[in-house]
2 protein chains.
Amino acid sequence: MGITKTEIFTDEQNKLAIQLKAIAHPARIAILQLIIEAKACICGDLSAELGLAQPTVSQHLKELKNAGLIQGSIEGVSVCYCIEPVAWKSLNDELNKLFSSYQNFNNCC
Amino acid sequence: MGITKTEIFTDEQNKLAIQLKAIAHPARIAILQLIIEAKACICGDLSAELGLAQPTVSQHLKELKNAGLIQGSIEGVSVCYCIEPVAWKSLNDELNKLFSSYQNFNNCC
DNA sequence: TTATTTAATCGTAATATTGCAATATAATTT
DNA sequence: AAATTATATTGCAATATTACGATTAAATAA
């Protein structure tokens with residue numbers, strides 16, 4: 001079908017999946033890294049830096065924005081994108097919860 | 001196109017994207033949680049617990065296994081799946097690196 | 001107002017993902 | 001060996017994703 005059965009999962013599971021999907025692409029990982037290092041935060045600069053067409057980068061930025069992970073502020077003719085601190089921390093917390101819930105010894109095999 | 005331009009990204013970025021994609025689905029998050037809590041680690045049990053058909057769960061398990069995040073050991077007629085500790089820690093480390101690289105103050109907007 | 005600059009949207013082709021019924025495979029039990 | 005039990009694979013329909021050329025929209029500058 002190509003459609004996920006979201007109704008059988010918890011809101012937490014669905015939210016985490018959506019945010020993870022947003023960062024589960026090398027271009028979007030690269031974009032986040034460039035934004036964090038402040039090497040580039042403008043669509044055109046990111047496009048040049050990455051070697052991806054401007055519409056492609058714009059689309060990736062839109063997905064990161066839809067997931068709430070970045071925010072854009074208008075800077076004259078261009079738009080400066082940066083991390084949205086609250087969602088970023090929330091995702092970090094949720095992932096820490098998932099990863100720390102596993103201890104080597106509580107395995108059954 | 002539907003195909004990612006992996007060649008323009010680093011191996012690290014591609015690997016992280018692949019592992020994140022593996023866990024970026026609510027069913028696979030739920031499966032990991034059930035495995036970690038040792039509430040279920042067998043395909044049939046997971047299928048019953050989640051309310052997804054057996055082939056669907058089998059496919060999700062395969063994807064997690066392909067990403068190296070779980071491993072299966074044959075237990076008689078059934079297969080017991082559990083976390084692959086090395087890859088699990090590696091992904092955790094990589095994510096910690098990404099998240100900790102961001103500090104609120106190094107933003108440009 | 002008319003350029004100019006930059007980002008967003010539209011449209012589209014190629015490919016990937018999701019979910020499951022039907023079936024095949026593998027291990028155990030009788 | 002035949003039956004049983006459990007998982008994996010195949011095939012398929014519906015939908016989603018990726019990438020980009022062409023175009024549009026929005027803001028500033030001349």
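Residue numbering restarts at 1 for every chain, and letters A, B, ... go by the order of the sequence lines. Note that the structure is a prediction, hence the values are computed from the model and not measured.
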Any idea which of [options] is nearest the [X] side chain?
| X | options | value |
| --- | --- | --- |
| B:Q59 | D:dA6, C:dC20, D:dG21 | C:dC20 |
| A:L52 | D:dT7, C:dA22, D:dC20 | D:dC20 |
| A:E63 | D:dT18, D:dC20, C:dA8 | D:dT18 |
| A:I42 | D:dT7, C:dA7, D:dT9 | C:dA7 |
| A:S58 | D:dA8, D:dA19, C:dT9 | C:dT9 |
| A:K62 | C:dA22, C:dT9, D:dA19 | C:dT9 |

Query raised in the report: What is the nucleic acid contact for A:S78, judged by heavy atoms within less than 4.0 Å: base, sugar-phosphate only, or nothing?
Result: sugar-phosphate
**Report entry** Sugar-phosphate only, base, or nothing, as touched by B:V77 at under 4.0 Å among non-hydrogen atoms
**Finding:** base
Using a cut-off of less than 4.0 Å, is there contact between a side-chain N or O of [X] and OP1 or OP2 of [N]?
| X | N | value |
| --- | --- | --- |
| A:T56 | D:dC20 | yes |
| B:H60 | C:dG19 | yes |
| B:K5 | D:dT18 | no |
| B:Y81 | D:dA8 | yes |

Query raised in the report: Looking just at side-chain N and O atoms, do B:Q13 and A:Q33 make a donor-acceptor pair shorter than 3.5 Å?
Result: yes
Report summary line: 5'-most contact on DNA chain D (nearest-nucleotide basis), B:T6 vs B:Q54, goes to B:Q54
Query raised in the report: How do B:V79 and B:K21 order along DNA chain D: which one's closest nucleotide is nearer the 5' end?
Result: B:V79
Query raised in the report: Whole Å only: how far is the CG atom of A:L50 from the C1' atom of D:dT18?
Result: 15 Å
Query raised in the report: What distance separates B:F99 CZ from A:L91 CG, expressed to the nearest 0.5 Å?
Result: 3.5 Å
Query - From B:I3, B:T10, B:T4, residue fulfilling side chain to side chain contact (heavy atoms under 4.5 Å, CB included) relative to B:T6 - result: B:T4
Query raised in the report: What class does the angle between the rings of B:H25 and B:H60 fall in, given that below 30° is parallel, 30 to 60° is tilted and above 60° is perpendicular?
Result: tilted
